[in-house]
Amino acid sequence: MKAIELEKTYNPKDFENRIYEQWVEDGNFKPCDSKEKPFVIVMPPPNVTGILHMGHALNNSLQDILTRYYRMTGRPTLWLPGTDHAGIATQNVVERQLAKEGLRRQDLGREKFVERTWQVKEKHHDIIVNQLKTIGASCDWSRERFTMDEGLSKAVRETFVSLYERNLIYKGLYLVNYCPHCGTALADDEVEHQEDVGHLYDVRYPFADGSGYITVATTRPETMFGDQAVAVNPDDERYKSLVGKMLKLPLTDREIPIIADSFVGIEFGTGMVKITPAHDPNDWECGKRHNLEPINILNPDGTLNDVCPEQFRGLPAKEARDLVAKTLEEQGYLVKCEEYKHEVGHCYRCNTTVEPYMSEQWFVRMRSMADKALKAWRDGEIHFYPKRWENTYSSWLENIRDWCISRQLWWGHRIPVWYCQDCGHMMVKREDPCCCEKCSSKNIKQDPDVLDTWFSSWLWPFSTLGWPEKTEDFKRFFPTSTLVTGYDIIFFWVSRMIMASLEFNGKVPFHDIYITGLVRDKKGRKMSKSLGNGIDPIDVVNLYGADAMKFTICYLATQGQDVLVDMDSFKLGSRFANKIWNATRYLLMNLEGRNLVKIDPAKFNAVDKWIYHSLNENILKVRTAIESYKFNEAAQAAYDFFWNDFCDWYVEASKLSLYTGDDAEKDRIVSILMDILAQSMKMMHPMLSFITEEIWSKLPNTEGKVITSMFPEYLESRKSPKEAQMMVAMQDLVRGVRNMRAELGIGAEKKLRMVVRLDKAGDLSKFMKDHVDLLKVFANSNELSIDDASSVDVSGAFPIAGMGFETYVFVRDAIDVDKEIARIETEIKKTQALLDVVNKKLSNENFLNNAKQEAIDKEKGKKAEFEEKIEKSQKHIDVLKSF
RNA sequence: GGGCGUGUAACUCAGCGGGAGAGUGCCACCUUCACACGGUGGAAGUCGUUGGUUCAAACCCAAUCGCGCCUACCA
């Protein structure tokens, strides 16, 4: 056979795109036909107008590893990709574009605006899909979905109407979170609390009868125009007598009463709270208890409306606040104003301060669904990895509140509700009606609002499979297996998917939930645009390759921990891939003139047995690790095996056969090398997909593709623990000699004569004798004898202690005797310290009585080992002294 | 205010009841027949602090200090 050539340097750009296209073309990402239980992941859909960031790279890398692994176990495997229409975010993107043209969305009108948004969506969609392809995601593009697809829209409508029919959706006038910038209501969990430095104002409210005044404390004086009362705690002795008295509201003509309500804290501030039912959640509740009419003081854009005195109208809340404070001060109402830190809600999409705002909205009644979701968890139907996230899940569900699902946006699923303009009848419909079902009037109007994006996302695991139709895919792939996502959306998404699925399918949408950490920079800061500390995954791919990125992520993805990286971090994967490339290149060069032969385990020598043993153990480690979501352990096992065992020892050892063996031996060793290499490619494929596929295609002993090959099995027959132990002794010997060379500064060019003296004849001496030529190569020796009868004269030779043997090296001239003695003495000290610990244990009756027998045996073994080492070392000092 | 996580080598992190590990970085030597994105060897840690449990603790428990995150209607 001819040698096979690989490019001299590893250059992932040469093949990554080509291989990806080939995989797609050959349908390798589609589930196979096997009857086994499918493995299914639905991809958390990225925002269609966003770009891929490291967080996506992390969770998609892990999904890819799982998908590729299970695909290689022969199960039909589906990773279903898609994108999310991201209502607010996308609308913001388009409005920003319009703003550059000096336009507002109102200038275009709803229809034109939505049309334009679809165009933007199409363009951005290709970007994000290409990015996913660039990082190597092996998802089934033929099943790709978008949350505003026809099918998914149908699912949304079915859900809405069905919930309405079950009395789980209702409409009402409530105080909701409102973003004045986005101009829409938000759900509770779409509000992010951040600490703001504001002021706490103490303001005088005079009694209407002129008999003095009281003082209230507020952080938002501008809301006073909506005040309907001042409340005190009914148990507050100071104010009991004042309850029922009327106050004159400063800057206005209105009068408001003093009321008693137990929510007021006696200790806080002045113990008196102004009640503004339309602009504070507490006050809203309080207002309901006391039948106070809420007065809305804001326009939809967050400016003060006509309810307020003229000079404040049209001002944004913050500006109004300053002016109100100033006016109050001028008129003598302001008692004091001090700096005050408090948590303020901000819009999670645009970071604008959120206003509590009274408006008519649609809500989902969550309680019953939340209870079902809690039960499913308690019954063990879902498992979080790491488990601690279950607390987050359960406490959220236990304290769940109704979900505001209407958004005052144009981009999204329009609420399927129509109002008759003539008779006022309201219709909630699966199909668009053409006229009023009650009065037959054609004058009907659809609700102008759209639904919260998460109202489509919560259906994702089944709507993407065709639900509400009972499609083949739905029947075959639902429920899915595993969800991989970040902890920041356990509320938004994970728990809601579980609720929706239980409500509509009666079962959970997935069983395992792997919660990834967040990707941060090396200082532990969240990656963000504003900090400019983000890393673009595509830059990583361009610099190091997709494999390097995925492998590095896998290596660093300790279950549940945040991943801190910078550009340099990816050297880890890059160097490993480079090593694989070069080792392969070298092995393929050696095929020249060789024939591959059948591998016969009966002909294995101890070193062959060892490498198969190690491969086998590491295959098991990788399998177990991936199946239990311990990605870092999988990466480490692959890395250690390939680099440390295979490259550093086995490939080096094989050079002896390759350069000095006869043809039969050369054929045999090359065949084994190719076999280990091929199996390594399989084992590493989930983590290093492109390079393993590229190499697989070059190997002479492989067929088809590695992506569709079977993952190596763990085989009892490959276990060779005894040989593995022998190999440890050999490595021990070799390292001892290398260390001595380095210490004495003896260059590699100088071959040395050595005697390996065994403590006793036995397996180890047989092993050494069998591999004496190999030992010579590793120890760089020109003359090496195995002496198990202590018959060779070693006087004048430099001694090195080993376990069960000693190595004598004839280097008399090169030795600095004093320095060597000092070195050995330090070693004795270290060993003596270890021995002391062991002896203390072994002379401790409590230890002997209580410890496990294994532990005792192990300590005894250690004692023997340390004693042997000290004894030998001491002898060696004597030997050196005699020089 | 509650909850969770975390503090191990210069840096990023594994280990989580029985001899302190990896990658990067550092030092020395080696451009020797795939790989200098390499090889060989080496230095480097009171495992945050203090108590406790245990024959045995980086690992379990308690307290404490530092950092991070989530959650909560104190105006």
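Bear in mind the structure is a predicted one, so any value in this text is a computation, not a measurement. Throughout, protein chains are lettered first and strands after them, A, B, ... in sequence-line order, and every chain is numbered starting at 1.
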What does Glu749(A) touch in the nucleic acid at a heavy-atom separation under 4.0 angstrom: a base, only the sugar-phosphate, or nothing? nothing
Taken to the nearest whole Å, CG/Asn399(A) to C1'/C70(B) is 14 Å
Can you find a side chain N or O atom of Lys579(A) that sits less than 4.0 Å from OP1 or OP2 on G39(B)? yes
Over how many whole Å does the gap from Gln561(A) atom CD to C13(B) atom P extend? 9 Å
5'-to-3' dot-bracket of RNA chain B (Watson-Crick, G-U; under 3.5 angstrom; crossing pairs as [ ]; | other strand): ((((((((.[[[[.)..(..]]]].(((((.......))))).....[[[[[..)....]]]]])))))))....
Within the 4.0 Å heavy-atom criterion, would you say Tyr340(A) contacts the bases, only the backbone, or no part of the nucleic acid? sugar-phosphate
By the 4.0 Å heavy-atom rule, please label Lys274(A) as base, sugar-phosphate, or nothing. nothing
Starting at atom NE2 of His193(A), determine the distance to atom P of C74(B), rounded to an integer number of angstrom. 8 Å
Would you compute the distance between atom OG1 of Thr485(A) and atom CD1 of Ile513(A) and round it to the nearest 0.5 angstrom? 10.0 Å
Rounded at 0.5 Å granularity, tell me how far CG in Asp14(A) sits from CZ in Phe690(A). 13.0 Å
Side chain of Asp648(A) only, heavy atoms from C-beta on: which candidate in G39(B), A14(B), C37(B) is closest? G39(B)
For Glu339(A), look at atom CD and say whether over 12 heavy atoms of other residues, nucleotides or ligands are found less than 6.0 Å away. no
Write down the distance between CG (Leu556(A)) and P (U12(B)), rounded to a whole number of angstrom. 12 Å
Please classify the nucleic acid contact of Phe491(A) as base, sugar-phosphate, or nothing, using heavy-atom distances under 4.0 Å. sugar-phosphate
Could you tell me how far G7(B) sits from C61(B) if I compare only their P atoms? Round to whole Å. 14 Å
When you measure only distances, ignoring hydrogens and angles, does the side chain of Lys841(A) come within 3.5 Å of the base of C55(B) through a donor and an acceptor? no
If the P atom of G18(B) is compared with that of C26(B), how far apart are they to the nearest Å? 34 Å
Is the terminal nitrogen or CZ of Lys655(A) (NZ for Lys, CZ for Arg) located under 6.0 angstrom from the six-membered ring centre of Tyr586(A) and within 45° of that ring's axis? yes
Classify Val264(A) by what it touches in the nucleic acid, base, sugar-phosphate, or nothing, heavy-atom distance under 4.0 Å. base
Just how far is it from atom CG of Leu518(A) to atom CG of Asp562(A), taken to the nearest 0.5 Å? 5.5 Å
Short side-chain N/O contact to U40(B) OP1/OP2 from Trp649(A), under 4.0 Å: no
Phosphate oxygens OP1/OP2 of A36(B): is one of them under 4.0 Å from a side-chain N or O of Arg575(A)? no
Once you apply a heavy-atom cut-off of 4.0 Å, does Ser574(A) come out as touching a base, just sugar-phosphate, or nothing? base
Quick check for you: among C73(B), C4(B), G15(B), whose closest atom lies nearest to any side-chain atom of Arg401(A)? C73(B)
A14(B) OP1/OP2 closer than 4.0 Å to side-chain N/O of Thr558(A): yes
Any N/O donor-acceptor pair, Glu652(A) side-chain to A34(B) base, under 3.5 Å: yes
Taking CD1 from Ile580(A) and P from G38(B), how many angstroms apart are they, rounded to a whole number? 13 Å
Between G23(B), G18(B), A34(B), which nucleotide has the shortest distance from any of its atoms to the side chain of Lys655(A)? A34(B)
With no hydrogens and no angle check, do the side chains of Asp402(A) and Tyr174(A) hold a donor and an acceptor under 3.5 Å apart? no
Roughly how far, to the nearest 0.5 Å, is OH of Tyr650(A) from CD1 of Ile672(A)? 4.0 Å
Quick check against the 3.5 Å criterion: does Asp547(A) have a side-chain atom that pairs as donor or acceptor with the backbone of Ile691(A)? yes
With the side chain of Asn582(A) defined as its heavy atoms from C-beta on, choose the nearest nucleotide among C37(B), G18(B), A34(B). A34(B)
Sugar-phosphate only, base, or nothing, as touched by Tyr10(A) at under 4.0 Å among non-hydrogen atoms: nothing
For the pair made of CG in Leu848(A) and P in G18(B), what is the distance, rounded to whole Å? 19 Å
Work out how far the C1' atom of A44(B) is from that of A28(B), and round it to whole angstrom. 15 Å
What nucleotide, of A14(B), A75(B), A34(B), holds the atom closest to the side chain of Gln636(A)? A14(B)
Give Lys858(A) one of three labels, base, sugar-phosphate or nothing, depending on what nucleic acid heavy atoms sit under 4.0 Å from its own. nothing
Mind calculating the distance between CZ (Arg735(A)) and P (U40(B)) to the nearest angstrom? 9 Å
What integer number of Å spans the C1' atoms of A9(B) and G23(B)? 12 Å
Hey, is the main chain of Ile669(A) close enough, under 3.5 Å, to the side chain of Arg594(A) for a donor-acceptor pair? no
How far, in whole Å, is C16(B) from U24(B) if one measures between their C1' atoms? 24 Å
Considering only atom P, compute the distance from G3(B) to U54(B) and round it to an integer number of Å. 28 Å
A43(B) and G51(B), which share atom name C1', separated by this distance in whole Å: 35 Å
Closer than 4.0 Å, any side-chain N/O of Asn739(A) to the OP1 or OP2 of G42(B)? yes
Do Asn850(A) and C55(B) share a donor-acceptor pair, side chain to base, under 3.5 Å? no
Please work out if Trp643(A) contacts a base, only the sugar-phosphate, or nothing of the nucleic acid, heavy-atom cut-off 4.0 Å. sugar-phosphate
Side chain of Arg738(A) - closest among A34(B), U40(B), G38(B): U40(B)
C55(B), C35(B), G23(B): which one has an atom nearest the side-chain heavy atoms of Tyr639(A)? G23(B)
For G17(B) and A22(B), measure between their C1' atoms and round to the nearest Å. 22 Å
Out of C33(B), A34(B), G23(B), which nucleotide sits closest to the side chain of Tyr659(A)? C33(B)
Hey, is CE on Met366(A) packed in by over 12 heavy atoms from elsewhere, all under 6.0 Å? yes
Charged N to carboxylate O below 4.0 Å: is that the case for Arg823(A) and Glu827(A)? yes
Ion pair present between Glu867(A) and Lys863(A), side-chain N to carboxylate O less than 4.0 angstrom? yes
Between Tyr555(A) and A14(B), is there a contact of a side-chain N or O with OP1 or OP2 at under 4.0 Å? no
Out of A75(B), G18(B), A34(B), which has the shortest distance to the side chain of Phe263(A)? A75(B)
Whole angstrom value for the distance that separates P of A22(B) from CZ of Phe631(A): 25 Å
Per atom distances to the Ala217(A) side chain, the nearest of A75(B), U40(B), A34(B) is A75(B)
